[in-house]
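Notes for the one structure printed next.
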Amino acid sequence: MPTHTALPTMRESLLDVGGKKIFVAETGDGPPALLLHGGGPGASGVSNYSRNIAALAEEYRVIVPDLPGYGRSTKGMDGADPFGYLAGGIRRLMDELDLEKAHLVGNSYGGACALRLALDTPDRVDRMVLMGPGGIGTTRALPTPGLNSLLDYYSGDGPSRLKLEKFIRNHLVFNAADVPDSVIDARYEASIDPEVVAAPPLRRPSGPNALRTLWKMDFTRDRRVSRLPVPTLVLWGAADKVNRPSGGRMLAERMPNCDLYEVANTGHWVQFERAELFNRLCADFLAGRR
């Protein structure tokens with residue numbers, strides 16, 4: 001297993017954003033880059049990017065929020081438009097931080113948040129890096145086994161450490177041994193926060209408007225994608241079992257300024273599994289060096 005640089009000391013704050021709290025950790029100087037984490041059980045910003053923050057902070061002001069509904073941020077989610085809710089929260093966070101424009105880096109659910117924010121307000125986004133983003137072609141095929149495992153975490157007999165470990169080791173990553181037990185322990189403890197259990201931030205759309213919500217959550221149905229001017233790098237693990245790697249090609253075919261890099265022997269967690277490669281590609285792309 002490769003070695004990874006320890007996390008730097010980070011400035012932490014709990015900001016009032018539109019009447020709700022968003023937890024933010026940041027470090028480094030330079031152009032602002034928001035790192036938006038995925039939506040799995042127990043996910044949070046700093047834990048999701050623990051292998052990337054130090055490297056990116058050498059060039060950028062790295063801002064790592066807990067997305068609305070996660071970590072130390074206010075719980076709850078608009079089930080009718082989850083991606084829009086996340087994007088609105090992060091845009092208001094940018095306002096609170098006096099950021100007219102920023103780079104966005106998003107993994108999975110955070111990638112969907114970044115893409116929705118860019119589609120709604122492209123003038124607020126400088127460059128964008130998406131890793132296996134959610135919402136790509138989701139109405140064109142049945143959910144993957146990995147996505148079903150993720151969506152079923154709070155249903156049935158409820159959350160458990162064993163259920164979480166199976167999802168992470170069997171579906172999230174290519175090499176199960178790359179994830180320490182300590183990561184699973186920390187995520188499990190976060191996943192059973194009573195507020196999260198009462199209102200899981202990632203679940204299947206339901207009710208009379210479920211089909212409308214599903215359609216809205218598939219970016220390949222959004223005509224704005226083909227006009228999005230934001231330079232974008234899409235990184236996708238070739239062995240991703242949560243979001244199909246074919247989603248990368250769907251984006252590259254539709255987006256006018258999209259580079260695609262498919263990463264061999266890698267699952268859904270590119271920034272964790274292939275941290276050194278990710279850190280180089282991300283830093284260079286955001287700086288316009290590739």
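Computed over heavy atoms, backbone and side chain alike; hydrogens, waters and symmetry mates excluded. Source: prediction; values computed, not measured.
- No side-chain donor-acceptor contact under 3.5 Å links K241 to the backbone of G267.
- The pair E12-R72 meets the salt-bridge criterion, with a side-chain N (NZ, NE, NH1 or NH2) lying under 4.0 Å from an Asp/Glu carboxylate O.
- Heavy atoms of other residues, nucleotides or ligands lying less than 6.0 angstrom from CZ of R224 number more than 12.
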Quiz prompt | Derivation and outcome, side-chain hydrogen bond (donor to acceptor under 3.5 Å, both in side chains), residues D218 and T139 | solution = CA-CA 6 Å; D218 185 351; T139 62; 2.6 Å; yes
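- In this structure, D16 does not pair ionically with R92, as no charged nitrogen and carboxylate oxygen lie closer than 4.0 Å.
- Contact record, P180 with D178: CD-O, 3.4 Å, taken as the closest heavy-atom pair.
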Practice problem: Take F83 and F219 through the ring-ring contact (aromatic ring centres under 6.0 Å, His included) test and state the conclusion after the steps. | Solution: CA-CA 10 Å; F83 298 160; F219 292 108; 5.5 Å; yes
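- Enclosure of atom CZ in R11 by more than 12 non-hydrogen atoms of other residues, nucleotides or ligands within 6.0 angstrom is indicated.
- Two residues are said to be in side-chain contact when any heavy atoms from C-beta on lie closer than 4.5 Å; L115 and L251 meet this criterion.
- Formation of a donor-acceptor pair under 3.5 Å by the K101 side chain with backbone atoms of L99 is not found in this model.
- Side chain of Y49 to backbone of L36: a donor-acceptor contact under 3.5 angstrom is found.
- For D29, the CG atom counts as loosely surrounded, since its 6.0 Å shell holds 12 or fewer non-hydrogen atoms of other residues, nucleotides or ligands.
- No continuous path of ILVMFWY side-chain contacts below 4.5 Å connects L34 to I53, so the two sit in separate hydrophobic clusters.
- L130 and L35 are members of different hydrophobic clusters when ILVMFWY side chains are connected at heavy-atom separations under 4.5 Å.
- Residues V270 and G237 come closest through the heavy atom pair CG2-N, 3.6 Å.
- Between the side chain of H103 and the main chain of D126, no donor-acceptor pair closer than 3.5 Å is present.
- Taken to the nearest 0.5 Å, the CD atom of Q271 stands 13.0 Å off from the CG atom of L281.
- A salt bridge links D120 with R116; the closest basic N to acidic carboxylate O contact falls under 4.0 Å.
- By the rule that hydrophobic residues join a cluster once side-chain heavy atoms approach within less than 4.5 Å of another member, L228 and L233 end up as members of separate clusters.
- Within the 4.5 Å cutoff, side-chain heavy atoms of I90 are placed close to those of C113.
- Between M217 and P82 the shortest side-chain heavy-atom distance falls below 4.5 Å.
- Ring centroids of H37 and Y109 are separated by 6.0 Å or more, keeping the two rings apart.
- With hydrophobic clusters built from ILVMFWY side chains whose heavy atoms lie under 4.5 angstrom apart, Y261 does not share a cluster with V173.
- Contact annotation: the side chain of N279 never approaches that of L277 to less than 4.5 Å [non-hydrogen atoms, C-beta and beyond].
- To the nearest 0.5 angstrom, I22 atom CD1 is 5.0 Å from L93 atom CG.
- Both L97 and V125 sit in one connected hydrophobic cluster of ILVMFWY residues. Membership requires side-chain heavy atoms under 4.5 Å apart, directly or through other members.
- Here the OH atom belonging to Y60 is positioned 15.0 Å from the OG1 atom belonging to T27, to the nearest 0.5 angstrom.
- Counted by atom type alone, S47 and S44 present one or more donor-acceptor pairs between their side chains at under 3.5 Å.
- For the pair R203 and Y154, the NZ or CZ position fails the cation-pi test of under 6.0 Å to the six-membered ring centre and within 45 degrees of the ring normal.
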Exercise. Go through the steps to decide whether R91 and T121 satisfy the test side-chain hydrogen bond (donor to acceptor under 3.5 Å, both in side chains), and finish with yes or no.
Key: CA-CA 9 Å; R91 185 166 44 250; T121 48; 3.2 Å; yes
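- Within the 3.5 Å criterion, the main-chain N or O of R249 finds no donor-acceptor partner in the side chain of W236.
- Not a single donor-acceptor pair under 3.5 Å links the side chain of Y188 to the backbone N or O of K163.
- With rounding to the nearest 0.5 Å, the separation of CE in M131 from OG1 in T266 is 12.5 Å.
- The side chain to side chain contact (heavy atoms under 4.5 Å, CB included) test with R124 singles out one residue from V230, L117, L104, and that residue is L117.
- Think of F23 as one node in a network of Ile, Leu, Val, Met, Phe, Trp and Tyr side chains linked at under 4.5 Å; its network also takes in L14.
- From F174, atom CZ reaches atom CG of D240 across 12.5 Å, with rounding to the nearest 0.5 Å.
- Counting only distance, with no hydrogens or angles, the side chain of S73 and the backbone of D66 share a donor-acceptor pair below 3.5 Å.
- Formation of a donor-acceptor pair under 3.5 Å by the E165 side chain with backbone atoms of R161 is not found in this model.
- For the residue pair T220/R254, the side-chain donor-acceptor check at 3.5 Å is not satisfied.
- Side-chain N or O atoms of T74 include none that pairs as donor or acceptor with a backbone N or O of K20 at under 3.5 Å.
- In this structure, the separation between CZ on R221 and OG1 on T138 is 8.5 Å, given to the nearest 0.5 Å.
- Of the charged side-chain nitrogens involved, at least one lies within less than 4.0 Å of a carboxylate oxygen, so that D152 and R204 count as a salt-bridged pair.
- Annotation for D259 and F285: closest pair OD2-CE1, 3.8 Å, computed over non-hydrogen atoms.
- Residues C258 and A252 approach most closely at SG-CA, 3.9 Å, considering heavy atoms.
- The hydrophobic cluster containing L214 also includes L211, under a criterion of side-chain heavy atoms closer than 4.5 Å among ILVMFWY residues, counted directly or through chains of members.
- Y153 places no side-chain N or O within donor-acceptor distance of the main-chain N or O of L202, the cut-off being under 3.5 Å.
- P133 is not listed as a side-chain neighbour of N243, based on a closest heavy-atom distance of 4.5 Å or more.
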Quiz prompt | Check against side-chain contact (heavy atoms from CB on, under 4.5 Å), F272 and N107 | solution = CA-CA 10 Å; F272 185 91; N107 168 231; over 6 Å; no
Quiz prompt | Step-by-step side-chain contact (heavy atoms from CB on, under 4.5 Å) determination, L286 to C282 | solution = CA-CA 6 Å; L286 296 183; C282 185; 3.9 Å; yes
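- Annotation: K166, atom NZ; neighbour count of heavy atoms from other residues, nucleotides and ligands within 6.0 Å does not exceed 12.
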